[in-house]
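First up is the structure itself, then whatever we jot down about it.
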There are 2 protein chains.
Amino acid sequence: MAISEGLSIGALADRTGLAVSAIRYYETQGLIRPWRNAGGQRRFQRSDLRRLSFVMIAQQFGFTLPEIRAELDRLPGGRTPTRSDWARISRSFRTRLDEKIGALEKLRDNLDGCIGCGCLSLPACALYNPVDKAAAGGQGPRYLMGDTPE
Amino acid sequence: MAISEGLSIGALADRTGLAVSAIRYYETQGLIRPWRNAGGQRRFQRSDLRRLSFVMIAQQFGFTLPEIRAELDRLPGGRTPTRSDWARISRSFRTRLDEKIGALEKLRDNLDGCIGCGCLSLPACALYNPVDKAAAGGQGPRYLMGDTPE
DNA sequence: CCTTGACCTGAAGTTAGGTTTAGAAATTAG
DNA sequence: CTAATTTCTAAACCTAACTTCAGGTCAAGG
């Protein structure tokens, strides 16, 4: 195998711990874009290892594949991403993480008080407005997922 | 309608913001146990409002329905749960929440450093051991989800 | 009484995120 | 060169958590 022929899907699977089928699936979702060799097999760049690691980490945080793709799409198209490209993604990603963690903490901090009181079933309860969508969208009860019922 | 005939499924849906079909589904999963009136329709206790609210909140935190059921099963069987019954559930639940939040924070704090460095694709990276399963299970690489690959 | 809306059941459909399978072609090891 | 691996595609299958649908029943208002 000549130098810089790229990594096979199996090599990528071994090094990330992902299943081969998962990597193929991620390709269908636009998370990676391997090229093909003469025989039609997928070949990957080294930087795809980092892309896949990013996918795995972001999934642990509860991001969906389309959301992850949106972050990855901010990487440069024509060249291999540099360290500072990744740092930029990292900052943007971290902001979204902080929001998630903040929402969880807020819910948690309301939990003890609310779960024991009578308000848990009422729209007035703080737990019904976890991400503070209150007052956005007019009056009337806001429900748990931030949408109106029905 | 006589007093204490119980709540209809529609009333419960209106007051929780859940779909009627979701409430029926929760019954199949053992999260609520309504009784039936003479005509075969479901009737609910007021305390089921709180049960359902708990379900909705726990789901936001990423708990699965079986996990939520396990928490709810700790409520007393023969009587309507009291405030202190709920407080006990709340404490147990909060412990699990704190663990989740802690794991997220740990990941987040490693993110900036790791994402820009070359280690992101290597098992040595801190991000590969988010919940600190390191050293449990012998030597060799630990992968992202805490399991060995393959 | 009659109509309309709420409710019933069971089965099938939906979305996300993959895995499994089957049969064929490419690659690698000996 | 031959045999054993890998890889390929397309389609089917899988789980969680529901929703939708079809065909029928129950309940409440006028």
Side-chain angles (χ1 to χ4, degrees), chain A residues 1-3 5-44 48 51-52 54-70 72 143-145 147 149-150, chain B residues 1-3 5-44 48 51-52 54-70 72 143-145 147 149-150:
Chain A
M1 59 181 84
I3 268 177
E5 227 192 51
L7 299 163
S8 70
I9 195 167
L12 210 59
D14 288 345
R15 297 186 57 176
T16 57
L18 288 168
V20 166
S21 59
I23 299 177
R24 289 202 193 101
Y25 177 70
Y26 291 159
E27 182 184 1
T28 72
Q29 302 307 297
L31 297 170
I32 35 174
R33 305 187 169 284
W35 70 92
R36 302 301 178 112
N37 72 2
Q41 297 192 352
R42 291 171 182 81
R43 294 304 153 186
F44 298 85
D48 287 330
R51 280 181 89 91
L52 289 180
F54 182 83
V55 172
M56 296 167 83
I57 292 165
Q59 279 193 300
Q60 283 204 31
F61 281 105
F63 291 98
T64 64
L65 296 186
E67 286 171 330
I68 297 168
R69 182 188 171 166
L72 287 174
Y143 291 85
L144 259 181
M145 299 314 283
D147 288 328
E150 173 188 51
Chain B
M1 60 179 85
I3 265 178
E5 226 191 52
L7 299 162
S8 70
I9 196 169
L12 210 59
D14 287 346
R15 298 187 55 175
T16 57
L18 288 167
V20 165
S21 59
I23 299 178
R24 288 201 194 102
Y25 177 70
Y26 291 158
E27 182 184 0
T28 72
Q29 302 306 298
L31 297 170
I32 34 173
R33 304 187 168 282
W35 71 91
R36 303 303 177 108
N37 71 2
Q41 297 191 353
R42 291 170 182 81
R43 295 303 153 185
F44 297 85
D48 287 329
R51 278 181 91 90
L52 290 180
F54 182 83
V55 172
M56 296 167 83
I57 291 166
Q59 279 193 300
Q60 283 205 31
F61 281 106
F63 291 98
T64 64
L65 295 187
E67 287 170 330
I68 296 168
R69 184 190 169 163
L72 286 175
Y143 291 85
L144 261 181
M145 298 314 283
D147 289 327
E150 175 189 49

Hey, could you give me the OH/CG distance between Tyr26(A) and Leu65(A), rounded to the nearest 0.5 Å? 6.0 Å
Return the value, rounded to whole Å, for the distance between atom OH of Tyr25(A) and atom C1' of dT21(C). 19 Å
So Arg24(A), base contact, sugar-phosphate only, or nothing? Heavy-atom distance under 4.0 Å. base
Please check this pair: side chain of Glu67(A) against backbone of Thr64(A), looking for a donor-acceptor N/O pair closer than 3.5 Å. yes
Looking only at dT7(D), dC26(D), dG17(C), the nucleotide nearest the Gln41(B) side chain is dC26(D)
Gln59(B) side chain, from C-beta outward: closest of dT19(D), dT7(D), dC18(D): dC18(D)
When the distance from CG of Asp14(B) to P of dA6(C) is rounded to whole Å, what number comes out? 9 Å
Atom pair distance, as rounded to whole Å: CD in Glu5(B) and P in dA27(D): 9 Å
Ala19(B) side-chain proximity, nearest of dG18(C), dC18(D), dT19(D): dT19(D)
How long is the line joining CG of Leu7(A) and P of dT28(C), in whole Å? 13 Å
Of the listed nucleotides dC7(C), dC8(D), dA17(D), the one nearest the side chain of Ser8(B): dC7(C)
Check: Arg36(B) side chain, Arg43(B) main-chain N or O, donor-acceptor pair, under 3.5 Å: no
Atom CG of Asn37(B) and atom CZ of Arg42(B): how far apart are they, to the nearest 0.5 Å? 11.0 Å
Given that Gly10(A) and Gly40(B) both sit by DNA chain D, which one's nearest nucleotide is further toward the 5' end? Gly10(A)
For Arg36(B), report the nucleic acid contact type (base, sugar-phosphate, nothing); a contact means any heavy atom under 4.0 Å. sugar-phosphate
Strictly below 4.0 Å: does Asn37(A) bring a side-chain N or O up to OP1 or OP2 of dT7(D)? no
Once you round it to whole Å, what is the distance between C1' of dC18(D) and CG of Leu52(B)? 15 Å
Please give, in whole Å, the distance from dC26(D) C1' to Ile9(B) CD1? 14 Å
Give a yes or no answer on whether the side chain of Asp48(A) reaches the backbone of Arg51(A) with a donor-acceptor pair at less than 3.5 Å. no
Would you say dC18(D) has OP1 or OP2 under 4.0 Å from some side-chain N or O of Tyr26(B)? yes
Within this structure, what is the CD-to-P distance between Gln29(A) and dA16(C), rounded to whole angstrom? 9 Å
Taking the nucleotide of DNA chain C with the nearest heavy atom to each, does Ala22(A) or Ala38(A) sit closer to the 5' end? Ala22(A)
Choose from dT9(C), dC7(C), dT20(D) the nucleotide whose nearest atom is closest to any side-chain atom of Ser21(B). dT20(D)
Out of dC8(D), dT19(C), dG17(C), which nucleotide sits closest to the side chain of Pro66(A)? dG17(C)
Give a yes/no answer on whether the side chain of Arg42(A) brings an N or O atom under 4.0 Å of OP1 or OP2 in dT7(D). no
On DNA chain D, compare the nucleotides closest to Gly39(B) and Phe63(B); which residue's is nearer the 5' end? Phe63(B)
Length of the CZ-C1' vector between Arg69(A) and dG17(C), whole Å: 16 Å
So, for Ile32(B) and Phe44(B), which heavy atoms are closest and what is the spacing to 0.1 Å? CD1-CE2, 3.7 Å
